[in-house]
Amino acid sequence: MTLEKLFQTIDNLPGINGSFCLDADGRLLCQTLQAPFHESLFADLIPRVQTLYEAVKESYAPIEEFIIEFDGFFLFLRRGLRDRTVGVVSTERPNLVALRVSCNLILKQLPDSPESASKDRGNAPAGESAKAEEAPTRKSIFGVFKRSDAPEKPKGNGIWG
Amino acid sequence: MENPIPKNVQSFVVCDATGEVTLEDGPEASRLAETLPFFSQLADMLGDAMGLGGARSVQILGKKHTTLCQAKGDHFYGAVFEGNQVREVTTFLDGLEEVMGTLTSDKA
């Protein structure tokens, strides 16, 4: 099964524009976003998603899920197995239960290595493969984050448990 | 002006971009004030990357609690609440905005 087919579990939910998946190093494994979104946005979006997770973890608590509301769109982010992140763009407030189940299924079924994920991407749009193989460390305005340098995830953090 | 705090709201805060608190309640309020402007900025950056502009709200979904952040005008509104039913809390924060408007006009 290609990754695009795997992501149809999410994309077939009502109000969903498309989705994407990043590995722990911020490499794009798959994306199915439709217009008005273009794959060129990932050059900026990926480091910012990584920054969001790292910054919230450092300054607040380790968090797996975010919902960000914009004018007319919602961005749902879920980080799961092997620190992979699934992002879902929708035009209406997402059904959290359905999204969580779909994201968990995808995160479980994704191939172990990014390389095999890239091979499984089937007919992914041209140009994505090159992006997926970019250097694992990405720079943001807040500095450079390397997964290996990240502190251990604390066990329990106040009310967040 | 009546703006009852929903039962599931554990803490809430209204602060400015520097984290200076105008209204607050609950044990997590101070911590929230320190981070609210930063979270809103991070969300805005995601919106910019996607061509969507600034974020209207950010929900940070913990295992038992959700944190809701909203930027309105010069102020940042945040609440920590149990569960993830956000609608009632959004209404409450909208009410806080009205309270803030009253406070501002009283000062003038």
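Residue numbers begin at 1 in each chain, while the letters A, B, ... track the order of the sequences. The figures that follow rest on heavy atoms only: side chains count, while hydrogens, waters and symmetry mates do not.
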Exercise for the section: Give a yes or no on whether the backbone of B:A71 and the side-chain of B:S40 come within a donor-acceptor separation of less than 3.5 Å. Expected result: no
Exercise for the section: Indicate yes or no for a side-chain donor-acceptor contact from A:Y53 to the backbone of A:E64 under 3.5 Å, with no hydrogens or angles considered. Expected result: yes
Is it the side chain or the backbone of [X] that comes within 4.5 Å of chain B heavy atoms, both, or neither?
X     : value
A:V89 : side chain
A:F37 : side chain
A:F66 : both

Exercise for the section: Show the numbers, then the answer: is there a side-chain contact (heavy atoms from CB on, under 4.5 Å) between A:S19 and A:Q31? Expected result: CA-CA 6 Å; A:S19 46; A:Q31 70 93 4; over 6 Å; no
Practice task
Mind ranking A:V49, A:L75, A:V56, A:L77 by heavy-atom pairs under 4.5 Å with chain B and telling me who comes out on top?
Solution key: A:V56
Fill in the blank from the handout: One option among A:D44, A:L45, A:L33 has the most heavy-atom pairs under 4.5 Å with chain B, and it is A:L45
Fill in the blank from the handout: Bottom line for B:D48: the part with an atom under 4.5 Å from chain A's heavy atoms is both
Exercise for the section: Give, as side chain, backbone, both or neither, the part of B:S57 having an atom under 4.5 angstrom from any heavy atom of chain A. Expected result: both
Between side-chain atoms of residues 92-108 of chain A and protein atoms elsewhere (two or more places apart, or another chain), which donor-acceptor pairs fall under 3.5 Å?
from, atom 1, to, atom 2, distance (Å)
A:R93, NH2, A:E69, OE1, 3.3
A:N95, OD1, A:V97, N, 3.1
A:N95, OD1, A:A98, N, 3.1
A:R100, NE, A:E65, OE1, 2.9
A:R100, NE, A:E65, OE2, 2.8
A:R100, NH2, A:E65, OE1, 2.6
A:S102, OG, A:A98, O, 2.9
A:N104, OD1, A:R78, NE, 2.9
A:N104, OD1, A:R78, NH2, 3.1
A:N104, ND2, A:R100, O, 3.3

Practice task
Could you tell me which of B:L32, B:V58, B:L46 has the largest number of non-hydrogen atom pairs under 4.5 Å with chain A?
Solution key: B:L46
Exercise for the section: Measure from NZ or CZ of B:R56 to the centre of the six-membered ring of A:F70 and say whether it is under 6.0 Å with the direction within 45° of the ring axis. Expected result: no
Problem - A:N12 CG: over 12 foreign heavy atoms closer than 6.0 Å - result: yes
